[in-house]
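Just passing along the structure, written as structure tokens.
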Amino acid sequence: MLDLKQIRENPQEIQAQLQKRSDQYDLTALLDLDQQQRELTTKRGQLQARSNEIGKLIGQKIKGGTNPASPEIQELKTEGNDLKQQLADLEPQEKGLKFEIEELILNLPNLPSDSTPLGESEDENVEISRWGEDYLLKNPETCRPHWEIGEKLGIIESTRAVKISQSRFVNLIGMGAALERALINFMLDQQIAAGYLEVMPPVLVNSETLKGTGQLPKFAEESFQCAEDDLWLTPTAEVPLTNLYRNDILEANQLPIYHCAYTPCFRREAGSYGKDTKGLIRLHQFNKVEMVKLVRPETSEEEHEKMLANATAILEELLLPYRVIELCTGDLGFSAKKCYDVEVWLPSAGQYREISSCSNCGDFQARRANIRFKEPGKKGTQYVHTLNGSGLAVGRTMAAILENYQQPDGTVTVPKVLQPYLKREVIG
RNA sequence: GGAGAGGUGGCUGAGUGGUCGAAAGCGGCAGAUUGCUAAUCUGUUGUACGGUGAACUCCGUACCGAGGGUUCGAAUCCCUCCCUCUCCGCCA
């Protein structure tokens, strides 16, 4: 959530920053409502002050021995009643305005960082670096897509998954399931070693929680909902991990907080019909190891770079070629001010595909989720900065392994670092 | 799911409808003092919004689980909801 005070004080600047994302955001309605609301609040505050005063006065007089039925008291009661009536008129107006303002501001995305490249769409994302070209397949023309490899090996199965669920679900079988588990364990072990405290959080979360990280209200159609219980299936562990500290005032010395978690993630993928219908790339349910940081504002940029390194380290250990791109303003996620995507090489597609997204959300989520910290000596509180990144998407990592490690005979070599986990060197 | 109890400030825990933002204790902070890694004493102690201000301050409003209601006035009375705990049932 953006800072309303800041919007009020620098409307044209904020407008210009939002403009970098797209031209669909207009602050004029918000500013107008804010002005009205503030006037009302001031007026109501004055009336309320007088009303409180009368209440106290009556109390004092009665305690002092004045007859409650005396004209003096009656007169005050009349004034009190009159004020009450006026307040009763103002209050709904004020509430209505506050509600409208809230709705507008909750639908405004974060302001892009100054360093975020300008651009309208993903076409203008900027490649930052590449790694692992030595590990590219030597014979790309004969390589097969991971779903074919998986099906042939009997480790990825989709027909029966569709029967028991829907399209965009799969069964992992035998070594497929084992490889998935091995990857989860490997990734967690790596991130724990990098300083993240593991959490195994609930994956059903309430509406407040989704609002805190920015998935609600704007992206309700992206998540699966259990409406009867006000619970949603988490689209990413970023949601429960960040919300661990919702409404908290942390001590400055608790920061930075690093968490990692393995969770299944659930996404409706509304609007992606026909895209990536095969294989492990775009499923309604997938596994992910996530990293989340809560940090002091002045350190968030540096923490962001470190988090990116934690994500890419996994790919380097697995010897999978990747590149890092920085999202341009037009492609930036709702809550992020700056975002790196890590893309792994998928030889069958002949392209890099997203396998991690590392975002610096600044204080945007902290405002929504009301996560603050307090400096011991100082007065008042500050919002923390929140960051999140995949470390990594497990299914897509499996896809990359199957494709990049495939052998001409149809088997798949197990990456060295996974061999201790999987207790074998070849799948097939 | 059934029955009961309860939700108050960082924590423990008082609070008869009227100077209650809330006693007391603990903790925290500041100071004083004492021949000594600690004790004692004194003072202080939340958050948010708005106004004023360079700032400390000051003023107003709101917050005693949430939302309504009664009243001139609600932590206190009434209603609804949420949550926690205990017992029973069920269950991995």
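Chain naming here is simple, since letters A, B, ... match the order of the sequence lines and numbering starts at 1 in each. Not measured: the values here are computed from a predicted model.
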Looking at B/U71, which nucleotide sits across from it as a Watson-Crick or G-U wobble partner, both distances under 3.5 angstrom, or is there none?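 None - no nucleotide pairs with B/U71, as no candidate has both distances under 3.5 Å.
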For B/G31, the Watson-Crick or wobble partner whose two distances fall under 3.5 Å: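 With both distances under 3.5 Å, B/G31 matches B/C41.
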In terms of side-chain heavy atoms, does A/Thr41 have a donor or acceptor partner in A/Gln37 at a distance below 3.5 Å?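 Present: a donor and an acceptor within the cut-off.
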Given the C1' atoms of B/G7 and B/C11, what is the spacing between them in whole Å?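 Straight-line distance between the two C1' atoms is 15 Å.
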Watson-Crick or G-U wobble partner for B/C36, using a 3.5 Å limit on both distances?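 Partner of B/C36: none.
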At 4.0 Å (heavy atoms only), tell me whether A/Gly59 reaches a base, stays on the sugar-phosphate, or touches nothing.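 Here A/Gly59 touches the bases of the nucleic acid.
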If the C1' atom of B/G43 is compared with that of B/G53, how far apart are they to the nearest Å?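 After rounding to an integer number of Å, I get 27 Å for this pair.
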Between A/Tyr245 and A/His259, how do the two ring planes meet: parallel, tilted or perpendicular, split at 30° and 60°?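 Ring orientation, 0 to 90° scale: parallel.
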With a 3.5 angstrom cut-off on both distances, give the Watson-Crick or G-U wobble partner of B/U47, or none if there isn't one.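 B/A62 is the nucleotide pairing with B/U47.
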On RNA chain B, nearest-nucleotide positions of A/Thr41 versus A/Arg50: which is more 5'?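 So the residue in question is A/Thr41.
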Nearest listed nucleotide, side chain of A/Lys5, among B/G60, B/U47, B/G50: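 When the side chain of A/Lys5 is considered, B/G50 is the closest of B/G60, B/U47, B/G50.
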Can you see whether A/Gln36 engages A/Gln93 through a side-chain donor-acceptor pair at a distance of less than 3.5 angstrom?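 The criterion, which ignores hydrogens and geometry beyond distance, is not satisfied for A/Gln93 and A/Gln36.
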G-U wobble or Watson-Crick pairing nucleotide for B/U12 (cut-off 3.5 Å, both distances):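 For B/U12, the partner nucleotide comes out as B/A24, under the 3.5 Å rule.
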Just checking A/Lys61: base, sugar-phosphate only, or nothing, at a heavy-atom cut-off of under 4.0 Å?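 Nothing, no heavy atom under 4.0 Å.
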Sugar-phosphate, base or nothing in reach of A/Ile62, heavy atoms under 4.0 Å: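 Since a base atom lies under 4.0 Å of A/Ile62, the category is base.
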Atom CZ of A/Arg372 to atom P of B/G46: distance rounded to whole Å?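 After rounding, the gap between these two atoms is 14 Å.
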For B/G7, give its Watson-Crick or G-U wobble partner with both distances under 3.5 Å, or none.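 Pair assignment: B/G7 / B/C82.
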Residue A/Thr42, side-chain heavy atoms: nucleotide from B/G50, B/A62, B/G60 that is nearest: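 So the side chain of A/Thr42 is nearest to B/G50.
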Of all heavy-atom pairs between A/Tyr262 and A/Met200, which one has the smallest distance, and what is that distance?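 Of all heavy-atom pairs spanning A/Tyr262 and A/Met200, the closest is O-CG, 4.5 Å.
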Sugar-phosphate, base or nothing in reach of A/Thr381, heavy atoms under 4.0 Å: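 Sugar-phosphate contact only.
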Counting heavy atoms from C-beta on, name the nucleotide in B/U47, B/U71, B/U61 closest to the side chain of A/Arg44.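 Nucleotide nearest to A/Arg44's side chain: B/U61.
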Would you kindly give the CG-to-C1' distance between A/Asp248 and B/U47, to the nearest whole Å?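 Spelled out: CG on A/Asp248 to C1' on B/U47 is 13 Å.
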Which one, B/G50, B/A62, B/G18, comes nearest to the side chain of A/Ile58?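 Per side-chain heavy atoms of A/Ile58, the pick is B/G18.
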Would you check if A/Val170 and A/Glu157 make a side-chain contact, meaning some heavy-atom pair closer than 4.5 Å?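 A/Val170 vs A/Glu157: side chains apart.
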Using the closest heavy atom to pick a nucleotide of RNA chain B for each, name whichever of A/Lys77 or A/Tyr383 lands nearer the 5' end.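 In this pair, the answer is A/Tyr383.
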When you compare B/G68 with B/A62, how far apart are their P atoms, in angstrom units rounded to a whole number?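 Those two atoms are separated by 14 Å.
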